[in-house]
Amino acid sequence: MDLYQEWQEKIKNISTNNFSISIGELVTRYSQEQKRIVINPAYQRHYRWTNEQKSNFIESLLLGYPIPPIFMYRDTVHGFWEVIDGLQRLATIYEFIGVLEESFPRKEKLKKLKRTSIFRTLEDKTWEDFKKSNLDFILETQTLQVTVLDNKSDIENKYEIFRRLNSSSTVLSAQEIRNATLYESAPAVYEHIEKQIKRLDFTFLSAQDFIERKDMELFLEFLLLSNLLKNQYQDNDAANFSEALNKFSLSLDSEELEEGFIQFSKFINDCGKCQFKYTKDEKPQGAFINAYFEIISSLYILSEDGKVEDEEIKEILSKKYSEWQTEIGVNNPSALNRMRMAMKYAKDYRNVR
């Protein structure tokens, strides 16, 4: 069999239909009256979204953001659609509206929406609140793209599609998404920084850190620390560290990026040799510690001559991270609180108010 003949043979075994369907219709087909959608066939993954992820998805639906299509298999023998890909999205809709079975396993129950990054009044809202403000109608009339694999297709294709949809994609890190935003706002400056940042010594980062662009994240955090410490920017509106960095990135212009990178490069060249790790007998131990990067960065920014003495760095790095937490009286702080505590620690160290 030649190449073309095999293609003709294989393509006969796959039959799909693509169409748009309203959320209201998807809810009706799932309801107890119809039971036309099965969202948890045996091969499916668990419903593992956090309430933050669920809330962001509801926000995306309301704002009309593009949503990936739902993939289903049409079982005409038993009379239902079986979800191949889209469990997290559909289960979130059904849970929020209140039709998801109570016994359906989930990571955590969504009683109220969490704080989201754009539509801020969604926080603490329920489906009942939506009904009072007509947002129930808005949500139910939003449409999703659905691709249905017909049961004329070989049954093996259903499992092969599930496997490929859940193994072929790689989730972007938060910093990779920020990089795209920075490039859109200042392409020439971003390209220059991309070339220059590779020349800095980041040997204290792991291979996985580089894949997730931790080097660029540290650069942006350094700029954020600088702006916060100089009272040129406020982060009071941020729900978490990632959101704080996202919002700050959007506020930067070409000049701020360029000037900030000059200062950051100097900082890494001056202080990077300490590796921002717990140090014993003048030897760095273990992994890079974000809090120590934030403390030493803050000391550097607060100093009049842009320097941090070696003895100061040694004193800071002589404590294990757990000992530093004990000293500040905060156990396992969130990334955003850790950054704030690191700035306060540096200010107290320098007696700056």
Side-chain angles (χ1 to χ4, degrees), residues 22-24 26-27 30 39 46-68 70 86-102 104-144 171-175 177-178 180-181 217 220-221 224 227-228 233-252 290 330-344:
S22 71
I23 288 175
L26 287 169
V27 171
Y30 173 78
I39 64 173
H46 294 299
Y47 181 31
R48 58 186 188 184
W49 269 7
T50 64
N51 285 341
E52 285 76 12
Q53 288 173 299
K54 297 173 189 178
S55 300
N56 284 328
F57 178 65
I58 296 297
E59 179 190 51
S60 295
L61 290 172
L62 290 171
L63 297 178
Y65 282 10
I67 305 296
I70 306 292
L87 163 66
Q88 312 297 324
R89 284 159 278 165
L90 286 177
T92 294
I93 292 168
Y94 298 149
E95 182 181 21
F96 181 64
I97 290 177
V99 297
L100 186 67
E101 297 173 49
E102 188 64 26
F104 192 84
R106 67 203 83 185
K107 186 173 183 177
E108 54 184 334
K109 291 187 177 182
L110 180 67
K111 297 179 180 179
K112 297 180 179 180
L113 294 177
K114 295 290 185 178
R115 185 178 183 180
T116 54
S117 58
I118 298 174
F119 196 169
R120 288 304 175 82
T121 51
L122 283 180
E123 186 175 7
D124 291 333
K125 296 300 185 292
T126 65
W127 183 240
E128 291 303 314
D129 294 319
F130 273 41
K131 289 179 178 179
K132 293 174 185 176
S133 58
N134 293 324
L135 275 182
D136 61 329
F137 175 76
I138 300 297
L139 187 66
E140 288 178 334
T141 53
Q142 295 287 60
T143 59
L144 293 176
V171 178
L172 292 174
S173 71
Q175 187 54 49
I177 296 171
R178 287 186 207 107
T181 302
E217 180 180 293
L220 287 175
E221 186 179 10
L224 176 57
N227 277 263
L228 290 171
Y233 185 80
Q234 299 293 324
D235 74 330
N236 296 332
D237 200 30
N240 52 56
F241 176 78
S242 185
E243 185 179 318
L245 218 51
N246 291 344
K247 292 171 74 68
F248 175 67
S249 299
L250 290 171
S251 74
L252 294 169
N290 285 281
V330 179
N331 187 37
N332 294 322
S334 67
L336 185 58
N337 284 336
R338 182 202 66 222
M339 184 185 74
R340 290 169 176 164
M341 295 303 295
M343 286 193 294
K344 181 180 183 301

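Worth saying up front: this structure is predicted, and the values here are computed from it rather than measured. Numbering starts at 1 and runs along the sequence shown.
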Check against side-chain contact (heavy atoms from CB on, under 4.5 Å), Tyr30 and Ile93 = CA-CA 11 Å; Tyr30 173 78; Ile93 292 168; over 6 Å; no
Asn240 and Ser334: CA distance, side-chain angles, deciding distance, side-chain contact (heavy atoms from CB on, under 4.5 Å) verdict | CA-CA 8 Å; Asn240 52 56; Ser334 67; over 6 Å; no
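Using a 4.5 Å heavy-atom cutoff, the side chains of Phe130 and Ile97 are not in contact. Contact check for Trp49 versus Arg89: side-chain heavy atoms found under the 4.5 Å cut-off. At a threshold of 4.5 Å between non-hydrogen side-chain atoms, the residues Leu113 and Phe96 count as touching. The shortest side-chain heavy-atom distance between Glu108 and Glu52 falls under the 4.5 Å cut-off. Inter-residue side-chain proximity for Ile70 and Leu26 is flagged as unmet; no heavy-atom pair is nearer than 4.5 Å. The shortest distance between side-chain heavy atoms of Phe241 and Asn290 does not fall below 4.5 Å. Using a 4.5 Å heavy-atom cutoff, the side chains of Lys109 and Lys54 are not in contact.
Atom CZ of Arg106 and atom CD of Glu101 lie 9.5 Å apart (nearest 0.5 Å). Met339 CE to Leu224 CG: the interatomic distance, rounded to the nearest 0.5 Å, is 4.5 Å. A distance of 5.0 Å separates CD in Gln175 from CG in Leu220, rounded to the nearest 0.5 Å. Separation of atoms CD1 (Ile138) and CG (Leu63) is listed at 11.5 Å; rounding is to 0.5 Å. In this structure, CG in Asn51 is found 4.5 Å from CG in Leu110, a value given to the nearest 0.5 Å. The CZ atom of Arg48 lies 6.5 Å from the CD atom of Gln88; values are rounded to the nearest 0.5 Å.
Taking each heavy atom of Val330 and Met341 in turn, the nearest pair found is CG2-CE, 4.0 Å. What you find for Ser251 and Tyr233 is that their closest heavy atoms are OG-CE1, 3.9 Å. Contact record, Ala91 with Leu100: O-CD2, 4.0 Å, taken as the closest heavy-atom pair. Tyr47 and Pro105 make their closest contact through CB-O, 3.5 Å (heavy atoms, listed as atom of the first residue, atom of the second, distance). Heavy-atom minimum distance, Asn337 versus Pro333: CB-CB, 4.2 Å. Considering all non-hydrogen atoms of both residues, Asp129 and Asp124 come closest at OD2-O, 3.9 Å.
Of the N and O atoms on the side chains of Ser249 and Asn246, not one donor lies less than 3.5 Å from an acceptor on the other residue. Side chains of Arg178 and Ser242: a donor on one and an acceptor on the other come within 3.5 Å.
In this structure, Tyr94 has its ring center at least 6.0 angstrom away from the ring center of Phe104.
Without hydrogens or angle criteria, Gln53 side chain to Thr50 main chain gives a donor-acceptor distance under 3.5 Å. With hydrogens and angles ignored, the 3.5 Å screen pairs no side-chain donor or acceptor of Glu243 with any backbone N or O of Ser117.
Within 6.0 Å of NZ on Lys125 lie more than 12 heavy atoms contributed by other residues, nucleotides or ligands.
Glu140 is linked by a side chain to side chain contact (heavy atoms under 4.5 Å, CB included) to Trp127, counting only residues two or more places apart in sequence or in another chain.
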